[in-house]
Amino acid sequence: MANFEPQGEKQFIFPNNKNTFYNNCKLNAWLKRFQTHHGLKLVSVHGLRHTCVTRLYYQTKDVKFIQYFLGHTDITTTIDTYIHCIPELSNLLVKQFNHTA
């Protein structure tokens, strides 16, 4: 990472040593080995994107920022495809709401 040069808007989460994309298949293969080795539920890199967005939504409720963050032109894509219901977080929000009411 010492040679990492910011590329303006194109700063990758998993840059290779040339600051370009890793192949998605290679990332998913590495992630699957990691998850299997540590006894974790298997999820793809893209699945982690959905998880990140959902948790971000539960924390901020800022759908416009999330839309920008993901690069979506249509906010319905952000809402209908990327924001999921997580029962544990939903229960926590209900409890928090009940304490404030």
Side-chain angles (χ1 to χ4, degrees):
M1 289 298 267
N3 295 329
F4 178 70
E5 294 289 328
Q7 302 294 313
E9 300 257 338
K10 294 189 177 190
Q11 295 182 19
F12 304 121
I13 294 174
F14 301 110
N16 60 23
N17 59 359
K18 297 176 185 170
N19 196 29
T20 60
F21 284 114
Y22 270 109
N23 177 298
N24 194 44
C25 292
K26 286 185 180 185
L27 278 176
N28 280 321
W30 174 85
L31 186 58
K32 184 176 181 180
R33 284 191 308 273
F34 180 86
Q35 293 164 339
T36 301
H37 178 76
H38 293 284
L40 301 171
K41 179 181 174 184
L42 297 181
V43 63
S44 68
V45 171
H46 190 77
L48 293 176
R49 175 178 165 101
H50 284 258
T51 301
C52 174
V53 169
T54 299
R55 296 192 67 86
L56 188 59
Y57 172 73
Y58 274 91
Q59 290 179 358
T60 68
K61 307 293 184 282
D62 191 343
V63 179
K64 287 302 284 182
F65 168 76
I66 296 169
Q67 176 191 8
Y68 173 79
F69 179 72
L70 294 176
H72 293 158
T73 55
D74 186 355
I75 198 162
T76 58
T77 302
T78 306
I79 295 168
D80 294 340
T81 306
Y82 280 85
I83 297 175
H84 304 283
C85 180
I86 299 176
E88 296 83 12
L89 292 178
S90 296
N91 293 338
L92 180 63
L93 290 175
V94 169
K95 287 179 184 178
Q96 289 174 349
F97 176 79
N98 288 336
H99 279 58
T100 60

_Separation between NE2 of His50 and OG of Ser44, rounded to the nearest 0.5 Å_ = 7.5 Å
_As an exercise, state the distance from CD of Gln59 to OG1 of Thr54, rounded to the nearest 0.5 Å._
11.5 Å
_Lys41: which residues meet the side chain to side chain donor-acceptor pair (under 3.5 Å) condition with it, sequence neighbours left out?_
none
_side-chain contact (heavy atoms from CB on, under 4.5 Å) between Ile66 and Tyr82, worked out_ = CA-CA 10 Å; Ile66 296 169; Tyr82 280 85; over 6 Å; no
*Can you sort out the partners of Leu40 under side-chain contact (heavy atoms from CB on, under 4.5 Å), two or more places apart, ordered by chain and number?*
Phe34, Gln35, His38
_NZ on Lys32 to CG on Leu27, rounded to 0.5 Å_ = 15.0 Å
*Taking the side chain as every heavy atom from C-beta outward, state whether Leu70 and Arg49 have any pair of such atoms under 4.5 Å apart.*
yes
_Heavy-atom closest pair, residues Leu48 and Leu31_ = CD1-CD2, 3.7 Å
*Atom of Lys64, atom of Ile75 and distance for their closest heavy-atom approach*: CD-CD1, 3.6 Å
_Is there a side-chain contact between Thr60 and Phe65 in this structure, where contact means two heavy atoms from C-beta onward sitting under 4.5 Å apart?_
no
*So His72 and Thr78, side chain to side chain donor-acceptor pair (under 3.5 Å) or not? Walk me through it.*
CA-CA 7 Å; His72 293 158; Thr78 306; 2.7 Å; yes
